[in-house]
Amino acid sequence: MNVGFACLSIGVYHNDYKTIRKDNLTDSKLIEIIKYNLESLSYIIDYNIKNNLKLFRISSDVIPFGSSPFNQLEWWIIFKDKFKELSRKIKDNQIRVSMHPGQYTVLNSPNEEVVDRSIEDLIYHAKVLDYLETKSTSKIILHIGGVYGDKQSAMKRFLNNYQRLPQNVKDRLIIENDDRSYNIADVLEISRSLNIPVVFDNLHHKINPPNVQKTDQEWINLCRLTFKEKDGTQKVHYSEQDPLKQPGAHSKTINPNTFLDYYHLLNRDDIDIMLEVKDKNVSAVKIKDCTNKNLKAKDLESSWAKYKYSILEYSPNTYFQIRELLKDKTNLDPLHFYNRIDNALNEPLLLNNQINAIDHVWGYFKTDLIEKENYLKKLDKLKKGSLSVKSMKKYLFNLAVKNNITYLLESYYFDLV
DNA sequence: CACCGTCAAGTCGCA
DNA sequence: TGCGACTTGACGGTG
């Protein structure tokens with residue numbers, strides 16, 4: 001089983017995607033942004049390699065206006081070398097990348113212009129995967145689209161418009177059930193006509209189930225039959241509901257107990273599971289560790305190094321308990337380790353604890369007296385309530401960047417809230 | 001420097 | 001009929 005995450009990552013420096021408004025768009029600005037975004041992609045790929053994560057979704061935002069006439073650049077030529085470099089990294093490390101156009105790419109719209117733009121958008125996605133020299137196992141995952149008051153006609157329109165796609169898009173296109181219009185039975189029906197793979201999404205399914213009653217495992221086994229050899233290992237999406245938000249909202253993190261129950265019911269290993277969750281790579285590493293039969297003490301230690309200041313911030317007690325726990329290297333219990341961490345991150349934040357964590361992080365810097373005075377002034381303001389913890393953390397992050405403290409730049413502390 | 005509204009994309013549910 | 005929700009960074013304006 002491979003587990004992966006989507007687009008962005010926590011604790012990776014320079015991992016964000018920049019964009020631009022139409023009003024300010026120029027070729028030179030576009031080039032600058034694409035260069036930056038491809039570097040971000042490169043850093044995230046490096047992170048995946050380092051953490052042995054073999055499944056990854058590339059953000060559609062990597063090329064701003066990638067399918068729009070506003071972007072006339074031949075970016076695949078301008079950045080040929082960068083694409084080559086990325087392609088080599090992905091290939092050498094056998095990372096399966098995919099892409100997932102957003103909710104605005106609607107192939108079955110009754111509006112011809114929307115369909116035209118959607119086809120252009122799918123061509124753009126295929127182009128990125130083509131220039132990364134990925135095989136047909138690198139997929140573009142798409143939802144069916146809208147219903148427009150007549151589902152049968154809308155599904156028919158999807159089938160017809162699919163035929164308008166160029167072959168390189170067809171080779172990669174796979175379809176997924178969504179949380180309000182097309183349930184898994186609908187998507188499987190479309191798959192039977194087009195002979196293309198189906199991605200099962202457990203949370204969408206929970207919210208939007210078909211009339212036919214089957215277990216998730218049964219649906220997943222049906223979807224499995226839609227994956228041919230050229231399509232690679234079956235892919236599914238896995239996410240959990242955020243209990244405080246509207247139905248369909250992804251949870252902050254994956255609960256490893258819930259995941260393992262689900263995974264054990266699947267009772268198979270030949271499956272790729274894309275996690276859709278707010279804390280992205282953090283959950284991917286967690287699940288990776290909790291399912292790793294050859295887990296080493298250093299795996300948990302490297303994870304702990306990234307969590308520790310967040311835990312100190314939320315719960316000093318847990319901080320000391322986990323430090324003790326990790327001293328026993330013969331008895332590894334990743335589930336217990338991650339449950340302790342997740343529980344701590346659910347405790348209420350107290351200013352005193354936050355200041356304590358800030359002071360620990362500050363201890364990493366070897367600064368001059370002027371900087372120290374600056375810090376003490378900020379600390380004083382923080383205690384008086386005239387400076388927010390958020391601002392203070394931002395200040396510390398910038399110091400970590402300036403002093404190039406890798407240990408801190410890789411920490412979850414600046415991103416986990 | 002922090003915060004807020006707007007933008008940009010398409011659909012749908014709800015006043 | 002039109003607006004809010006979904007998503008997220010950029011950006012202009014305000015405090």
Side-chain angles (χ1 to χ4, degrees), chain A residues 5-10 14-26 29-30 32-34 36-37 40-41 57-71 99-122 124-125 141-151 153-155 157-158 161 176-183 186 201 203-204 207-208 237 239 241-242 244-252 276-280 374 377-378 381-382 385-399 415 417:
Chain A
F5 65 97
C7 307
L8 299 168
S9 53
I10 286 174
H14 187 340
N15 79 102
D16 55 328
Y17 294 99
K18 296 198 180 298
T19 185
I20 188 166
R21 292 259 195 103
K22 276 179 184 171
D23 299 345
N24 320 315
L25 198 143
T26 63
K29 275 187 185 159
L30 259 180
E32 201 180 300
I33 289 171
I34 295 169
Y36 183 92
N37 290 354
S40 289
L41 179 58
R57 180 190 301 163
I58 294 173
S59 170
S60 301
D61 299 333
V62 67
I63 311 290
F65 298 94
S67 62
S68 156
F70 286 100
N71 184 343
M99 294 185 85
H100 191 5
Q103 61 201 302
Y104 307 117
T105 307
V106 187
L107 193 56
N108 77 341
S109 174
N111 181 336
E112 266 306 297
E113 288 172 18
V114 172
V115 176
D116 290 344
R117 280 198 291 271
S118 297
I119 291 174
E120 283 307 314
D121 200 45
L122 290 169
Y124 151 68
H125 282 85
I141 295 99
L142 189 68
H143 292 291
I144 305 305
V147 171
Y148 316 93
D150 179 354
K151 204 179 209 177
S153 308
M155 281 165 77
R157 232 172 9 250
F158 187 92
N161 291 339
E176 181 195 348
N177 59 314
D178 66 73
D179 57 359
R180 60 172 174 185
S181 302
Y182 293 92
N183 61 48
D186 299 328
D201 182 301
L203 186 58
H204 292 160
I207 296 164
N208 180 27
H237 289 174
S239 56
Q241 173 69 44
D242 186 320
L244 304 175
K245 294 190 181 164
Q246 80 289 346
H250 296 146
S251 61
K252 281 196 290 185
E276 294 182 321
V277 58
K278 293 275 175 230
D279 71 3
K280 305 284 181 184
N374 192 10
K377 232 184 264 173
K378 281 181 187 292
K381 275 178 148 182
L382 188 70
S386 60
L387 183 80
S388 66
V389 172
K390 197 178 158 189
S391 301
M392 188 63 160
K393 284 173 93 163
K394 206 170 176 182
Y395 163 74
L396 291 174
F397 181 74
N398 288 335
L399 269 184
D415 289 321
V417 188

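Numbers restart at 1 for each chain; the letters A, B, ... are given by sequence-line order, proteins then strands. What's counted below: heavy atoms across the whole structure, side chains too, no hydrogens, waters or symmetry copies.
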Just to be sure I understand the rule, does A:Ser391 reach a base, reach only the sugar-phosphate, or reach nothing, if contact means heavy atoms closer than 4.0 Å? sugar-phosphate

Whole angstrom is fine here: how far is it from [atom1] in [X] over to [atom2] in [N]?
X: A:Leu25; N: B:dA9; atom1: CG; atom2: P; answer: 13 Å
X: A:Arg21; N: C:dG12; atom1: CZ; atom2: C1'; answer: 8 Å
X: A:Asp178; N: B:dG13; atom1: CG; atom2: P; answer: 12 Å
X: A:Asn398; N: B:dA2; atom1: CG; atom2: P; answer: 10 Å
X: A:Tyr182; N: B:dT11; atom1: OH; atom2: C1'; answer: 11 Å
X: A:Lys245; N: C:dC6; atom1: NZ; atom2: C1'; answer: 12 Å
X: A:Arg180; N: B:dG13; atom1: CZ; atom2: P; answer: 7 Å
X: A:Gln246; N: C:dG4; atom1: CD; atom2: P; answer: 16 Å

If we ignore angles and hydrogens, is there a donor and acceptor under 3.5 Å between the side chains of [X] and [Y]?
X: A:Glu176; Y: A:His100; result: yes
X: A:Tyr36; Y: A:Asp16; result: yes
X: A:Asp121; Y: A:Thr105; result: yes

From [options], pick the nucleotide closest to the side chain of [X]?
X: A:Lys394; options: B:dG10, C:dG9, B:dA2; answer: B:dA2
X: A:Ser109; options: B:dT11, C:dA10, C:dT7; answer: B:dT11
X: A:Gln103; options: B:dA2, C:dT7, C:dC11; answer: C:dT7
X: A:Arg117; options: B:dA9, C:dC11, B:dC12; answer: B:dA9
X: A:Asn24; options: C:dA10, C:dT7, C:dC11; answer: C:dC11
X: A:Ser181; options: B:dG10, B:dC12, C:dG9; answer: B:dC12
X: A:Lys390; options: B:dC3, C:dC11, B:dC12; answer: B:dC3
X: A:Lys22; options: B:dA8, C:dG9, B:dG10; answer: B:dA8
X: A:Tyr148; options: C:dC6, B:dC12, B:dT6; answer: B:dC12
X: A:Tyr104; options: B:dG10, B:dC12, C:dG9; answer: B:dG10

On the nucleotide B:dA2, are OP1 or OP2 found under 4.0 Å from the side-chain N or O atoms that A:Ser388 carries? no

Could you check whether any side-chain N or O of A:Asn208 sits under 3.5 Å from a backbone N or O of A:Asp178, counting only pairs where one atom can act as donor and the other as acceptor? yes

Kindly check if the number of other-residue, nucleotide or ligand heavy atoms within 6.0 Å of NZ (A:Lys381) is above 12? no

